[in-house]
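Everything quoted here is computed from the prediction, not taken from an experiment.
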Amino acid sequence: MSQQTTSFAVVITSYNYREYVLEAVESALAQSRKAAQVIVVDDGSTDGSVDLLRERYGADDRVVLLCGNNGGQLEGFQRGVARVEADVVCYLDSDDRWAPDYLARLGELYDARRDVDFVFTDMQHFGEENKVVGFHRSAVDLGYTAVITYALTRWYGAPTSALSMRAPWARKVLEVPDSFRETWRLSADNCLVFGASVLGARKYYLPTGSVWYRIHGKNGWWSNRSASVAYTNRLRSRGLIGYYARVAGLDESCIELSKLEYKTKPDPQWAETKRYAALAMRGRAPLWKRVEHMLAILLGSKATGLPKSS
């Protein structure tokens with residue numbers, strides 16, 4: 001049995017969610033495996049959230065309150081992570097909540113797998129919509145995802161409340177130009193997900209059934225999913241990936257590493273195998289070499305002879 005040595009910090013960002021924020025904070029404090037820190041960042045709320053938080057937690061040494069001007073979600077992440085003194089950072093939106101076993105479930109994995117940098121989980125939607133949303137039915141060691149994210153804008157993650165990563169990675173992905181704060185006032189979880197992938201974090205999907213994602217009509221991204229918004233979000237994401245690629249020194253030549261990246265996945269899904277096989281054909285190597293890489297991925301798949309469902 002692994003010794004519990006991984007410490008956790010929880011960063012809760014909040015803006016004008018007075019009716020929900022206490023529920024989020026209490027769910028973090030109620031974890032069976034206690035967090036070393038619960039850091040609440042209020043992003044200049046004007047609905048009385050600040051007074052409520054100070055009244056409830058101002059004298060509570062379990063909670064660090066950071067109240068400031070409205071700078072958006074990315075700045076909130078940066079302010080919160082700057083105060084982290086723990087091994088792993090878990091993010092929680094102030095309109096969501098966790099079941100009491102969430103950190104315990106994450107802790108089992110982080111304790112046992114020191115090579116895993118980034119863990120995300122499934123979510124139970126509640127409120128105006130009720131369904132479970134997840135990456136796969138069971139746990140998946142995704143290995144490294146830099147090349148496929150760079151080439152295909154693949155998303156290996158989840159919305160904020162289902163994300164966690166080791167603290168050095170949390171700091172690394174948030175080292176972005178100040179101008180990004182305006183661009184990513186909303187949906188800054190893109191910085192966490194894409195940044196971790198492109199900069200080289202090892203990722204793992206762990207379904208827990210412990211994250212509850214509230215649908216209430218005021219969700220910044222959820223409530224606005226028009227074709228125009230989808231396009232602009234995709235365009236911004238492509239630019240974000242390009243920024244992280246420049247930081248990492250990646251260009252189109254990295255596609256030639258697709259076969260090697262695929263090999264970091266111990267038990268890939270069949271859909272993932274097909275994506276990497278197609279990706280291998282996009283490199284700048286001679287055609288025969290690209291075909292060789294594609295066949296090596298398909299024929300050397302760790303699948304047991306039958307394609308796995310995606």
With under 30° as parallel and over 60° as perpendicular, where do the rings of Tyr262 and Tyr276 fit, or are they tilted in between?
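Aromatic pair Tyr262/Tyr276 classed tilted.
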May I ask you to decide if the ring planes of Tyr205 and Phe135 are parallel, tilted or perpendicular, using 30° and 60° as cut-offs?
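It falls in the tilted class, 30° to 60°.
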Is the shortest side-chain heavy-atom distance between [X] and [Y] below 4.5 Å?
X      : Y      : answer
Arg181 : Val176 : no
Val211 : Asp96  : no
Arg54  : Cys67  : yes
Thr13  : Tyr91  : no
Thr208 : Asp122 : yes
Ser161 : Met123 : no
Val140 : Asp267 : no
Pro177 : Phe180 : yes

What distance separates [X] [atom1] from [Y] [atom2], expressed to the nearest 0.5 Å?
X      : Y      : atom1 : atom2 : result
His216 : Tyr20  : NE2   : OH    : 5.0 Å
Ser258 : Met294 : OG    : CE    : 11.5 Å
Leu250 : Ile255 : CG    : CD1   : 10.5 Å
Ile148 : Arg275 : CD1   : CZ    : 5.5 Å
Asp101 : Arg33  : CG    : CZ    : 12.5 Å
Asp95  : Ile215 : CG    : CD1   : 8.5 Å

Test: Glu26 and Arg56 ion pair at under 4.0 Å:
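Arg56 and Glu26: salt-bridged.
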Would you call Arg214 and Glu19 a salt bridge, using N to O less than 4.0 angstrom?
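Here Arg214 does not pair with Glu19 in a salt bridge, since their nearest N and O are not under 4.0 Å apart.
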Of the non-hydrogen atoms in [X] and [Y], which two are nearest, and what is the gap between them?
X      : Y      : answer
Lys265 : Leu142 : NZ-O, 2.6 Å
Ala28  : Leu92  : CB-CD2, 4.5 Å
Asp189 : Ala158 : OD2-O, 4.3 Å
Ala280 : His293 : CB-CB, 4.0 Å

Test side-chain contact (heavy atoms from CB on, under 4.5 Å) on Ser27 and Trp98; report intermediate values, then the result.
CA-CA 5 Å; Ser27 77; Trp98 293 334; 4.2 Å; yes
Check: [X] side chain, [Y] main-chain N or O, donor-acceptor pair, under 3.5 Å:
X      : Y      : answer
Ser32  : Pro100 : yes
Arg202 : Thr264 : yes
Asn69  : Gly44  : no
Glu23  : Arg97  : no
Gln73  : Ser187 : yes
Gln37  : Val64  : no
Asp60  : Arg62  : yes
Asn70  : Asp43  : yes
Lys259 : Glu256 : no
Thr232 : Val229 : yes

Answer yes or no: does atom CZ of Arg113 have more than 12 heavy-atom neighbours from other residues, nucleotides or ligands under 6.0 Å?
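Count over threshold, so yes.
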Over 12 foreign heavy atoms within 6.0 Å of CG, Asp115:
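Above 12, so yes.
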Is there a continuous path of hydrophobic side-chain contacts, each under 4.5 Å between heavy atoms, that joins [X] to [Y]?
X      : Y      : answer
Phe126 : Tyr102 : no
Leu199 : Leu260 : yes
Trp270 : Leu295 : yes
Tyr144 : Leu109 : no
Trp212 : Phe120 : no

Under 3.5 Å, is there a donor-acceptor pair between the Ser164 and Tyr110 side chains?
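Yes, side-chain donor-acceptor contact under 3.5 Å.
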Decide whether Asp111 and Thr6 meet the rule of one side-chain donor and one side-chain acceptor closer than 3.5 Å.
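There is such a pair between these side chains.
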Checking Ile297 against Lys263 for the side-chain contact (heavy atoms from CB on, under 4.5 Å) test, could you report, in this order, the C-alpha distance in whole Å, the side-chain angles of both residues, the deciding distance, and whether it holds?
CA-CA 8 Å; Ile297 290 170; Lys263 286 184 175 181; over 6 Å; no
Run the side-chain contact (heavy atoms from CB on, under 4.5 Å) check on Leu74 and Leu174 step by step: do they pass?
CA-CA 8 Å; Leu74 175 57; Leu174 294 175; 3.6 Å; yes
Show the atom names and distances, to 0.1 Å, of all donor-acceptor pairs under 3.5 Å that link a side chain in residues 236-244 to residues at least two apart or in another chain.
| unit_1 | atom_1 | unit_2 | atom_2 | d |
| --- | --- | --- | --- | --- |
| Arg236 | NH1 | Thr183 | O | 2.3 |
| Arg236 | NH2 | Asn233 | OD1 | 2.8 |
| Ser237 | OG | Asn233 | O | 2.9 |
| Arg238 | NH1 | Tyr150 | O | 2.8 |
| Arg238 | NH1 | Thr153 | OG1 | 3.1 |
| Arg238 | NH2 | Tyr150 | O | 2.6 |
| Tyr243 | OH | Glu175 | O | 3.2 |
| Tyr244 | OH | Val173 | O | 2.6 |
| Tyr244 | OH | Cys191 | O | 3.4 |

Would Arg185 and Tyr15 count as a cation-pi pair here, with the cationic atom under 6.0 angstrom from the ring centre and within 45° of the axis?
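No, Arg185 does not sit over the ring of Tyr15.
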What do the steps show when you test Leu53 against Val50 for side-chain contact (heavy atoms from CB on, under 4.5 Å), and what is the final call?
CA-CA 5 Å; Leu53 287 166; Val50 174; 5.8 Å; no
